[in-house]
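Note that these values count all heavy atoms, side chains included, but never hydrogens, waters or copies made by symmetry. Just so we're on the same page: letters track the sequence lines, and every chain starts at 1.
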Number of protein chains: 2
Amino acid sequence: MAQIKDVAHQAGVSVASVSRVLAGHAGVSESIRQRVLAAAQALDYRPDLAARRLRSRRTDTIGLIVSDVRNPFFTEISRAVEDVAYQNHFRVILCNTDENPEKEAFYLDLMRDENVTGVILSPTLALLADFRSADYPFPVVLVDRCDRDTAADAVVLDNVDAAYRLTTHLIENGHPRNVLFYGAASATGCQRREGYMAAMAAHGLEPQVEAVTATVDHARSAAHKFFCRPPHPEALIASNGLILLGLLEALREVKIKVPEQIALTGFDDLPWTRLVEPGITVIAQPTYDIGQAAIELLLQRIAQPAQAVRRVVLRGELRERDSSKKRNARR
Amino acid sequence: MAQIKDVAHQAGVSVASVSRVLAGHAGVSESIRQRVLAAAQALDYRPDLAARRLRSRRTDTIGLIVSDVRNPFFTEISRAVEDVAYQNHFRVILCNTDENPEKEAFYLDLMRDENVTGVILSPTLALLADFRSADYPFPVVLVDRCDRDTAADAVVLDNVDAAYRLTTHLIENGHPRNVLFYGAASATGCQRREGYMAAMAAHGLEPQVEAVTATVDHARSAAHKFFCRPPHPEALIASNGLILLGLLEALREVKIKVPEQIALTGFDDLPWTRLVEPGITVIAQPTYDIGQAAIELLLQRIAQPAQAVRRVVLRGELRERDSSKKRNARR
DNA sequence: TTATATTTTGTAATCGATTACAAATATTAC
DNA sequence: GTAATATTTGTAATCGATTACAAAATATAA
């Protein structure tokens, strides 16, 4: 494996010149430039990244910490982050916390050890509580989850607004008695709950919420239990795609028909929501855009460490399908 | 940030002793051991990974190169790889090739630059052609794709067998005139084609195959065109989950009813395949297991660089659903 | 007790780049 | 043509660990 001194020797210059040429620094003559480039090419020289990182104290690596990359929302985020990262010559280290604050802390420590250039984080509720990016030795951009007063860069959906619109849609379509199943362990779930409450209040309706763990299995069993004690509501709202799937499975188990007996809606426009019969009305999140905005914000922050804290808020899109079809007021 | 000499000073020992204690090497007295541990704790010492990697020439990093992490098959693989990797104190660098040999080559070069300890790779057809792990400066384990004579560790599904069984299932359920839509750009697709051909031949039937690019959109438009020129076959087989989804969408567009007018089957037991009406008959792949087996094989290879090349072959499971319901022979 | 083998500990070289600083060279001003 | 300045180049220090080797301490054998 050729190293810098071999290139220097081959080109008949000093190692400093080689380094300068390869780093693209100014102030090096064209003749040396050419000789170095030729030599590097000839020897198939590749700089040793460990050595470079030790001396330069930069790793050009960014950490991506999410709850589970298998959640389609985060799958898409990951892809967006990697696309933009690699375009900018950064590596990505991917970590799954499973909403476990200990794993989260472990990975944040790991990020420090790796001396990453920055981190994109979807924090647990516990960590978000008094999160300040200033507490970390690297820039952090929050993604998907963020409180109103969090002192950190963030890219999020306007959850309150989206839940408000989804709930209003149900009410206006003749489903005033509806129930929200929300993931209580994430800030996102709580904000969607907030929007739901606001919409219900605005229409003078009694809200009803069920806190669940945001997994398909838990949502299904919780909903199953829920349906064992009538009366049944007129509509359901799921605060994310996993819960939505769990609800649908539970409805099938107890043979409650959508939309005849109950309307079903939720967040995340996953492929299956438009394939099932009836199609499910959802709030579509611009997931790739969210990931892209997050990494771009992080790169900006890296370039401008002192710039003011920024928040990017994206709007969800209501996709009306048959699962929330209009219905005449009952009774 | 405390460094090793600070710990050494605090503990009143040499840096060598600190390094030895922290690396867990034998031949260090219990008294020094304790003092070092206490000092490291007190100073919250974390070794600098760049320095360690430069000197030790080990990175404890593994590369995962797949076509697209958004393909649910690879999503699950990624998660399995990361789980096992982190349990063994390895980092994971994730790369998406989009089936593009140039991106693939770029990332393999990157892996060399990063001096990774090993790589898990789902190769493009082009790369697989004469792939030999001996050509790379790091151990490589292939995943999902591998030819019969490839000289490399690999973890794959028994594709020929699975396609054979799926095809036979269709034939035995009264669907002799069936068509395979397969991803021609991957070894997996080609092997599934092979199993399909074998099953058709075994029953003296005329095979019919359509090569497509393995994306939802392309499969949909290819199928759409296909259905514009009758006669229509009795059944369809998709060589993976993306193509399967594309076929279903096309069938809906041209309003061909499943299973009344046509049977639909394929690979990959994705959530939606059992949610749609009718449920889709599929070959379920043990995806998490495949990923887990791959990383475990890689770790073995790292520990035993000279061991014989191994291949792990897993069996797919046929999940019969209503989309391939039994039908009396026509005519 | 002394000589030898063994274990423990410390000193200093090393990994392979980047970069501060000094030296050499070229340019400009007078 | 000389002095002052700007530019280019090279030498050597540096990043922070690991580890080869030497030295010191301890254990074992005679």
For this session: Flag the pair A:D113 and B:R91 as a salt bridge only when some basic side-chain nitrogen lies within less than 4.0 angstrom of an acidic carboxylate oxygen.
Result: no

Exercise. When you check the gap from the basic side-chain N to the acidic O, do B:R58 and B:D60 get nearer than 4.0 Å?
Worked result: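 A salt bridge is present here (some side-chain N lies under 4.0 Å from a carboxylate O).
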
Seminar exercise, completed: The complete set of salt bridge (charged side-chain N to carboxylate O under 4.0 Å, His left out) pairs with one or both residues in residues 289-306 of chain A, sequence neighbours excluded, reads A:D153-A:R301

Exercise. Is there a donor in the side chain of B:R145 and an acceptor in the side chain of B:S122, or the other way round, less than 3.5 Å apart?
Worked result: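 Their side chains do contain a donor-acceptor pair, which is all the 3.5 Å distance test asks for.
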
Exercise. Would you call B:S17 and B:R35 a side-chain contact if the rule is heavy atoms closer than 4.5 Å?
Worked result: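 The answer is no, as the side chains (C-beta and beyond) never meet within the 4.5 Å cut-off.
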
Seminar exercise, completed: With B for base contact, S for sugar-phosphate-only contact and - for none (protein heavy atoms under 4.0 Å), nucleotides 10-22 of chain C reads BBBBBBBBBB---

